[in-house]
Amino acid sequence: MNTVRIRPLKPALQTIAVEELNEVPQRVIDDVETLRDWVLKQPHLRGCTEHQFLLAFLRGTKFSLERAKLKYDRFYTLQASIPEVFNERRLATDPLTLDIVRSGILLRVPQHEEDAGPCVTIIRAGSYDTSKYKFQDIIRVGSMFGEIMMFEDENATISGYVEIMDMKGITGTHLFALQPELLRKFSTYADEAMPTRQKAIHFINVPPAFEAGFNTLKSFFPAKIKSRISVSSQPDAIFKLVSPDYLPVEYGGTHGVMADISHSMESMLSAYAQYFLDSQHFGCDEKLRELDNRPQKKSSTFGAVGSFRKLQID
């Protein structure tokens, strides 16, 4: 029998998981196995079946197994609609990927051990050389760490995550490189397919001359995501979002330097080299979905076989 390995939760996160996500600790293993059995029965899907990975989908749908199936299917289905992000360069050993990580364009802000709040990522959108990278390259690397946090970061899978888009140093060239349509597509993917819950996107250090333009940028996002976006030109806006105790000295914080964060991120990426190599073969085969003519249950989005527990609401 396949051994289920689930990492235990810190007490504060366990409380949130039970009270807000409908998690029943004694039933988590059974729920993960039920979802895994369903995945393995889908001829059109080839994806990761690691237990911690699947648990992220259950937590991301408040343990509605029907919704978890739908989100898992969308996870691989929608990736095919963003080939500029999900392609052969999405590897932990790719030189461009490593260069972006080492440059500090993306920073996963460390959190205190007992912090049960959302995890935070800073994207330094004005700090990269547009002649060297495309914005889609930055998004690609960000997507890789988004998946790593499904395995590694219970703050992300239970409390959600916040993205801070730092526009310091932004130029007209950077704005042109932002690719609003790609932002729209990837934001939809993040909302509909990623099981981690996006809490907010904060644009900070926006040059006053561009502030109106960034507010216009909101129109490219779905309504739900649009309500989570804030835009500020104030230099101290980041301190309203993250404690200085967690920030590197370059941001006026006391938690090491950006190079330390980048080094930790590179080590974590290296640890998932095999996963991203395997991911090159994951996906959804629509032809096999169409050929699957088994009787379908009305209550199941994809005609899954097996019984599924409903939400327990007191």
Side-chain angles (χ1 to χ4, degrees), residues 1-6 29-94 136 139-140 142-144 146-151 157 181-182 184-196 222 272-310:
M1 184 176 177
N2 193 38
T3 303
V4 180
R5 296 182 179 85
I6 300 297
I29 290 177
D30 288 341
D31 288 339
V32 170
E33 281 289 14
T34 302
L35 179 58
R36 186 175 186 276
D37 288 345
W38 174 82
V39 170
L40 294 174
K41 289 172 182 174
Q42 306 312 302
H44 66 289
L45 283 175
R46 181 179 175 87
C48 179
T49 56
E50 292 289 333
H51 299 110
Q52 200 73 43
F53 181 84
L54 293 173
L55 179 55
F57 285 92
L58 291 167
R59 286 174 173 157
T61 53
K62 299 186 177 180
F63 278 81
S64 166
L65 288 166
E66 289 296 306
R67 288 173 55 209
K69 292 182 293 178
L70 175 62
K71 192 168 282 281
Y72 185 94
D73 192 290
R74 281 180 175 166
F75 182 81
Y76 290 108
T77 301
L78 294 184
Q79 285 184 5
S81 68
I82 320 176
E84 59 267 58
V85 171
F86 299 97
N87 56 33
E88 70 283 351
R89 302 213 66 164
R90 206 165 175 267
L91 293 170
T93 54
D94 181 73
Q136 65 198 45
I139 295 293
R140 184 186 307 113
S143 77
M144 295 171 75
E147 285 176 38
I148 289 174
M149 70 185 182
M150 289 167 59
F151 288 98
T157 57
E181 180 60 19
L182 172 60
R184 184 195 65 79
K185 288 198 298 183
F186 191 79
S187 294
T188 299
Y189 163 79
D191 184 55
E192 295 186 4
M194 286 290 291
T196 46
Y272 282 86
Q274 187 60 51
Y275 166 76
F276 288 110
L277 190 62
D278 293 341
S279 294
Q280 294 286 307
H281 306 289
F282 293 161
C284 178
D285 188 330
E286 294 298 336
K287 291 182 180 178
L288 289 179
R289 191 205 295 272
E290 293 169 5
L291 290 173
D292 183 14
N293 293 317
R294 292 173 299 168
Q296 300 201 3
K297 291 185 178 183
K298 291 182 180 179
S299 61
S300 171
T301 305
F302 298 109
V305 177
S307 61
F308 297 91
R309 71 179 178 89
K310 296 179 180 179

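Residues take their numbers from the sequence shown, with the count starting at 1.
Between F53 and F75, the ring-plane angle classifies as perpendicular under the 30° and 60° cut-offs.
Side-chain atoms of T93 and L277, non-hydrogen and from C-beta on, never get closer than 4.5 Å to each other. You'll find the side chain of Y72 stays beyond 4.5 Å of the side chain of T61, heavy atoms only. Residues V85 and K185 fail the side-chain proximity criterion, which asks for heavy atoms closer than 4.5 Å. In this structure the side chain of F276 reaches within 4.5 angstrom of the side chain of E147, judged on heavy atoms. Contact of the Y275 side chain with the I148 side chain is not registered, since no non-hydrogen atoms from C-beta on lie closer than 4.5 Å. The closest side-chain heavy-atom distance from E88 to D94 is not below 4.5 Å. Side-chain contact between L55 and T157: absent, with no pair of heavy atoms (C-beta onward) separated by less than 4.5 Å. Contact of the I139 side chain with the E84 side chain is not registered, since no non-hydrogen atoms from C-beta on lie closer than 4.5 Å.
Of all the heavy atoms in F86 and S143, the pair that sits closest is CE2-OG, 4.2 Å. Considering all non-hydrogen atoms of both residues, C48 and L54 come closest at O-CD2, 4.0 Å.
When ring centroids are compared, Y189 and F186 come within the 6.0 Å threshold.
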Are Q42 and L288 close enough, and set up right, to give a side-chain contact (heavy atoms from CB on, under 4.5 Å), and what steps lead you there?
CA-CA 9 Å; Q42 306 312 302; L288 289 179; over 6 Å; no
Test D285 against Y76 for side-chain contact (heavy atoms from CB on, under 4.5 Å), laying out the working first.
CA-CA 10 Å; D285 188 330; Y76 290 108; over 6 Å; no
Starting from the C-alpha separation in whole Å, work towards a yes-or-no answer on side-chain contact (heavy atoms from CB on, under 4.5 Å) for L91 and Q280.
CA-CA 8 Å; L91 293 170; Q280 294 286 307; 3.8 Å; yes
side-chain contact (heavy atoms from CB on, under 4.5 Å) for D278 and Q274? Distances and angles first, verdict last.
CA-CA 6 Å; D278 293 341; Q274 187 60 51; 2.9 Å; yes
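Summarising the geometry, atom OG1 belonging to T188 is positioned 11.0 Å from atom CZ belonging to R74; distances are rounded to the nearest 0.5 Å.
Although no hydrogens or angles enter the test, the distance criterion places no donor-acceptor pair under 3.5 Å between the side chain of D73 and the main chain of K69.
Between the side chains of R90 and S279, no donor-acceptor pair is found at a separation under 3.5 Å.
Heavy-atom neighbours of E50 CD from other residues, nucleotides or ligands within 6.0 Å: at or below the threshold of 12.
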